[in-house]
Participant: 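I'd like to ask some things about the structure below.
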Amino acid sequence: MKAIVDCNSFYCSCERLFRPQLDDKPVVVLSNNDGCIVSRSDEAKAAGIAMAVPYFMAKDIIAIHKVATFSSNYNLYGDMSWRVMETLRIMLGVANVEVYSVDEAFLDLGEEGTNDWEKIGLHIRQTVEQWTGIKVSVGIAPTKVLSKVANHLAKKNKIATQCVVVLDTQEKINTALQDTPVKEVWGVGRQYAKKLSDMYAVFTAYDLSRKSPEWANKNLGGVVGTRLVKELRGESVQVMEKELTVKRMIATTRMFGHTVKSKEAIKEAIATYTSKAAEKLRRQYSAANIISIFVVAKGQDHNIDFRHGESIGSHITLPVATSSTHELIKPAVALVDRIFVEGTQYKKAGVMLSGLVPDATIQGNLFTEEKHNGKRLLMSMVDNVNFAMRNDVIKFAASGTTRNWKMRMEMRSPRYTSRWDELYEIS
DNA sequence: TCTGGGGTCCTAGGACCC
DNA sequence: TCTGGGGTCCTAGGACCC
């Protein structure tokens with residue numbers, strides 16, 4: 001059996017840990033730049049605040065219902081996430097926990113059919129809450145996709161289910177699938193949901209489970225759809241990812257706090273994002289072959305995908321893969337000259353590193369001097385100092401010092417669990 | 001006036017190789 | 001007039017996830 005453990009309104013729950021007076025009050029957390037609402041407590045949902053709405057559009061309803069509002073505090077959420085995952089690893093063994101996202105993990109519960117899955121689910125939920133203070137929902141079923149369905153039902157019905165739903169018989173599975181609109185199935189997004197209902201009269205997860213894998217192969221994106229239907233029918237084809245996987249692409253992209261029209265400011269931002277991306281790169285012991293940048297002008301769709309849109313992006317393939325900030329910054333900043341247009345107001349920029357390889361086995365280049373991924377040791381020291389002291393104590397001059405393009409973050413709570421000078425105080 | 005920031009997998013088609 | 005049969009690698013683009 002597989003389980004998925006999903007933290008309830010994760011970012012809001014983290015904020016409440018240190019403000020228990022907010023426990024039964026509406027709470028929301030905003031995205032970077034205080035742009036949209038990305039996490040809502042049940043009370044905020046009940047007040048009618050939708051997911052992902054722009055903050056400025058929700059301000060009225062927030063005021064009316066006195067909703068506690070926070071900027072996102074990723075240091076806090078990251079640390080709490082680690083505590084939750086560590087609890088699961090201690091309970092089930094490292095090999096049986098697959099961290100799926102900051103607030104979700106799949107568990108492998110083994111195959112014995114005699115287990116009391118409800119009891120196991122409840123025990124997991126209670127232990128995580130007791131050890132970390134974070135409330136979770138647990139879905140248990142024969143496959144990953146079905147466990148997601150179970151989890152969905154647990155969250156929809158917290159009181160009756162005690163946040164644990166088990167689908168261990170075909171009967172329970174069928175009932176659950178009939179209660180689930182097809183668009184809520186994991187792997188069915190907006191496009192497929194529309195196609196399924198408009199063209200094939202598939203409205204519920206149950207309808208989809210009645211289709212054959214061959215049908216899915218033809219009409220639902222090939223092998224992806226095939227796997228999806230098989231999982232809905234109880235055949236486990238999505239295996240647990242046992243090993244820590246390294247990322248194949250690393251991106252750092254941000255909206256600016258205000259629009260920016262000076263080329264120098266754009267270059268500072270690109271240099272800063274490159275430093276951030278390079279840190280992520282070194283954290284997973286990778287080096288990058290390709291560096292891409294993009295900018296988004298004021299009028300353009302801010303959601304534009306950084307891999308597309310030739311006109312605003314540019315990339316360069318490096319002669320030799322590297323993870324050194326200084327070797328990445330120079331070409332990244334040079335790319336700004338290619339795409340910057342004088343007189344344009346920009347609102348967003350980003351850097352993306354790809355063509356990633358392990359930094360221990362970098363392919364040399366016949367035509368360049370061998371440098372051994374220059375200054376790897378120096379970079380490690382910079383990373384260590386920045387980690388131990390404070391973000392960006394040491395930075396590259398190209399990143400600038402004024403940074404008037406930096407994003408807004410006006411309502412962030414203290415980093416209670418990861419900064420000595422921001423510890424929770426009891427008076 | 002103000003709308004996030006990351007990631008994944010898969011497929012089709014073109015270039016190129018023998 | 002006729003014109004093989006495999007491969008691989010890369011890129012662009014489409015879908016999805018949180």
Side-chain angles (χ1 to χ4, degrees), chain A residues 4-7 9-11 28-39 50-60 62 71-74 77-78 81 98-106 144-145 148 151-152 182-196 216-228 237-238 241 245-259 273 276-277 280-281 284 289-290 292 294 296 298-310 313 315 317 345 347-356 407-410:
Chain A
I4 180 120
V5 176
D6 192 326
C7 302
S9 309
F10 182 54
Y11 294 174
V28 296
V29 175
L30 306 179
S31 64
N32 265 332
N33 217 29
D34 294 345
C36 320
I37 288 164
V38 290
S39 182
M51 185 63 173
V53 293
Y55 174 48
F56 75 89
M57 283 172 63
K59 270 186 176 165
D60 286 348
I62 282 174
S71 300
S72 34
N73 182 347
Y74 292 109
Y77 312 149
S81 172
E98 176 195 336
V99 176
Y100 176 66
S101 75
V102 68
D103 70 335
E104 280 176 63
F106 284 104
K144 281 185 170 180
V145 170
K148 283 284 235 180
N151 191 280
H152 229 94
V182 73
K183 69 170 191 297
E184 282 174 20
V185 173
W186 187 47
V188 177
R190 267 223 319 276
Q191 311 291 330
Y192 284 157
K194 186 164 165 35
K195 189 174 168 187
L196 283 168
N217 188 46
K218 233 174 67 190
N219 301 301
L220 210 64
V223 302
V224 181
T226 310
R227 281 203 293 249
L228 179 59
V237 287
Q238 298 218 40
E241 306 274 348
T245 46
V246 298
K247 286 175 183 137
R248 297 167 185 199
M249 179 194 85
I250 286 172
T252 300
T253 75
R254 293 279 184 282
M255 302 279 302
F256 301 135
H258 314 275
T259 56
Y273 302 165
K276 279 275 167 234
K280 298 182 197 169
L281 192 65
Q284 64 166 37
N289 275 296
I290 299 167
S292 321
F294 70 88
V296 182
K298 194 177 172 194
Q300 285 172 313
D301 180 1
H302 71 283
N303 266 330
I304 195 157
D305 193 320
F306 46 73
R307 294 165 307 167
H308 309 142
E310 281 295 302
H315 70 96
T317 302
Q345 299 266 8
K347 63 176 180 183
K348 181 178 184 178
V351 172
M352 184 185 131
L353 304 175
S354 54
L356 305 192
M407 65 184 182
R408 289 187 297 267
M409 201 168 59
E410 287 156 6

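Only a predicted model underlies this, so the values are computations on that prediction, with no experimental measurement involved. Just so we're on the same page: letters track the sequence lines, and every chain starts at 1.
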Participant: Show the nearest heavy-atom pair for residues A:A52 and A:C36, with the distance to one decimal.
Facilitator: O-CB, 3.9 Å
Participant: Which nucleotide, B:dG5, C:dC18, C:dC16, lies nearest any side-chain atom of A:N32?
Facilitator: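 Looking only at heavy atoms from C-beta outward on A:N32, the closest nucleotide is B:dG5.
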Participant: Using a 4.5 Å cut-off on heavy atoms from C-beta on, say whether the side chain of A:T226 contacts that of A:V237.
Facilitator: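 A:V237 vs A:T226: side chains apart.
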Participant: How many whole angstroms separate atom CZ of A:R248 from atom P of B:dG7?
Facilitator: 13 Å
Participant: Is it true that, when you exclude A:K280 itself, more than 12 heavy atoms of the residues, nucleotides or ligands shown sit nearer than 6.0 Å to its NZ?
Facilitator: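 Yes, because the 6.0 Å sphere around NZ of A:K280 holds more than 12 heavy atoms from other groups.
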Participant: At less than 4.0 Å, is any side-chain N or O atom of A:T253 found next to OP1 or OP2 of B:dG6? Yes or no.
Facilitator: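 Answer yes for this pair, as a side-chain N or O of A:T253 is under 4.0 Å from OP1 or OP2.
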Participant: Among B:dC10, C:dC18, B:dG7, find the nucleotide with the atom closest to the side chain of A:A251.
Facilitator: B:dG7
Participant: P atom, B:dT3 versus C:dC18: distance in rounded Å?
Facilitator: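 Straight-line distance between the two P atoms is 25 Å.
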Participant: Taking the side chain of A:S101 as its heavy atoms from C-beta onward, which of B:dT3, B:dC9, C:dC18 lies nearest to it?
Facilitator: C:dC18
Participant: Calculate the interatomic distance between A:Q191 atom CD and C:dG13 atom P; express it in whole Å.
Facilitator: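 One finds 16 Å between P of C:dG13 and CD of A:Q191, rounded.
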Participant: Would you mind reading off the distance between A:Q238 atom CD and B:dT8 atom P, rounded to a whole angstrom?
Facilitator: 16 Å
Participant: I want to check one thing: is the phosphate of C:dC17, taken as OP1 and OP2, less than 4.0 Å away from some side-chain N or O of A:K144?
Facilitator: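 For A:K144, the contact criterion (side-chain N or O under 4.0 Å from OP1 or OP2 of C:dC17) is not met.
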Participant: To the side chain of A:M249, which of B:dT8, B:dT3, B:dC2 is closest?
Facilitator: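 Looking only at heavy atoms from C-beta outward on A:M249, the closest nucleotide is B:dT8.
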Participant: From OH of A:Y192 over to C1' of C:dG14, roughly how many Å is that when rounded to an integer?
Facilitator: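 It works out to 8 Å between those atoms.
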Participant: Starting at atom CG of A:L220, determine the distance to atom P of B:dC10, rounded to an integer number of angstrom.
Facilitator: 14 Å
Participant: Strictly distance-based, threshold 3.5 Å: is any side-chain N or O of A:Q284 a donor or acceptor partner for the main-chain N or O of A:K247?
Facilitator: yes
Participant: Atom OG in A:S39, atom OH in A:Y77: separation rounded to 0.5 Å?
Facilitator: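 With rounding to 0.5 Å, OG (A:S39) is 7.5 Å from OH (A:Y77).
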Participant: Name the pairing partner of C:dC16, where a pair is Watson-Crick or G-U wobble with both distances under 3.5 Å, or state none.
Facilitator: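 Base-paired to B:dG7.
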Participant: Between A:E104 (CD) and C:dC18 (P), how many Å, whole number?
Facilitator: 6 Å
